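Please read these numbers as outputs of a predicted model, since none were measured by experiment. Ligands are counted one by one from 1 in listed order, and the atoms in each one are counted from 1 as well.
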Amino acid sequence: MSVEGASSRRPPSFQQAENTRQKARAAGLDPDRWYAVEYARAVKKRHITEVTFWNTSIALYRGEDGVLAAVQNRCPHRQLKLSHGVVQRCHLRCAYHGWTFDRDGRLVDYSHDSFGKPLLKKRLRVYPVRVRYGLIWLFPGDPTKAEHQLLPTIPELEGDSPWAHMMMDFTWQTHHSMVIDNICDFAHAFLHRKYRPFTDAKLRHYQADERRVTLTYDTHMAQGRISGIFVDRRRVNTRSIELCYEYPYQWSDTGGKIKHWCFVLPVDLRQTRVFFVFYFDAMKIPLTPLKMPRWLQEMALRIAKPLLFRPLLAQDGMALEAEQQGYEQHWDAPPIELNPTVPLLQQLTARKWEDYLARSGAGIEQSPPQRGE
Ligand code: FES
Ligand SMILES: [Fe+2]
């Protein structure tokens, strides 16, 4: 059944795409980077969780010694997901016949199932893992490149007096490139008219190079009823904001005092997990000029998270999921884009994916199956 005005065909693959937007909407993210995949506190000792990077399922677990490991989530015996299994000491044991693998992916025990046959030389693919800023970072690509790729650094969260901060994540049924477009394009103040995180945004400057797109808006930040009374406008310039798509991450900076990073995890063509880290050195005690002590800032953020930040970003999620559905039906409608930076964001995503495909034909599935296939 076709909907009036809608294309009955599916959106084009990366290779079939005819314009930048279509390319961006089909592109993956370069696996030879570090990706935030989970909160460190969410994977307790002896706990296994499934992480999916661009259709590749990975079993992430923490041994009894507290050390994290990540391996291919498929037992080589009968292809069960190893995330159904159990952790014993620092080993991962398959739920079915109990084959047991160490952190390096080596099969270390299958004696109960050997029928006297010599030890199989089966080995799982393993993925480098790190922990930083309370997040677990995974390197889904070529492990020999992991050492040379830097994780994002946030100096404000390090040292003796780190800034107050707050983290949040969402899983949205949308392509990762739409998330980047959304966070960098301040033309959607209407969507947030209830919370007014920014108003009257005018693009003042933008610049793109091989690795990033940077843009600055003149705008009025934090105009909402709650944020308006907490932000110290005498110390912080809230009349402009700098944003950057620093592939594959995204960040913003308001007056050097209100900042965020956004880390996207591309699950598949139409699902993205998004981690936000907000950090502040900008809050005052309401109705006074006094800077808030850090502990009070942390408390204020804990209160503001469910009241302000979560519902505000949920508005973006609603719009993005609707945009994804619209794209799947009307992907061949001519792109109408008024913000000149949006095509630059899409070009960067498409170009990096093209580079990855050109240099590597293996590892990650390149043409992910569409749901329903
Ligand atoms: S399926 Fe995993 S041990 Fe048999
Ligand atoms: Fe938004």
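Between the Thr288 side chain and the Leu290 main chain, a donor and an acceptor come within less than 3.5 Å of each other. For the pair His84 (side chain) and Tyr96 (backbone), a donor-acceptor distance under 3.5 Å is absent.
Residue Cys75 has at least one heavy-atom neighbour below 4.0 Å for each of these atoms of ligand 1: 1 (S), 2 (Fe), 3 (S). Atoms of ligand 1 lying under 4.0 Å from at least one heavy atom of Arg78, given by number and element, are 1 (S).
Residue Cys94: an N/O/S atom is found under 2.8 Å from atom 2 (Fe) of ligand 1. Not a single N, O or S atom of His97, from either the backbone or the side chain, sits less than 2.8 Å from atom 2 (Fe) of ligand 1.
The name of the N, O or S atom in Asp316 nearest to the Fe ion (ligand 2) is OD1. The minimum distance between atom 4 (Fe) of ligand 1 and any N, O or S atom of His77 involves atom ND1.
Remark: Arg270 is not positioned above the aromatic ring of Tyr327, lacking an NZ or CZ atom under 6.0 angstrom from the ring centre and at most 45 degrees off the axis.
Under the 4.5 Å side-chain heavy-atom criterion for grouping Ile, Leu, Val, Met, Phe, Trp and Tyr, Val86 is not connected to Leu80 through any hydrophobic cluster.
Ring to ring, Phe263 and Tyr35 are not that close: their centroids are 6.0 angstrom or more apart.
The local environment of CZ in Arg239 is sparse, with at most 12 non-hydrogen atoms from other residues, nucleotides or ligands closer than 6.0 Å.
Rounded to 10 degrees, the NE2-metal-NE2 angle spanning His188 and His192 at the Fe ion (ligand 2) equals 100°.
At a heavy-atom cutoff of 4.0 Å, ligand 1 is contacted by the side chain of Tyr96 but not by its backbone.
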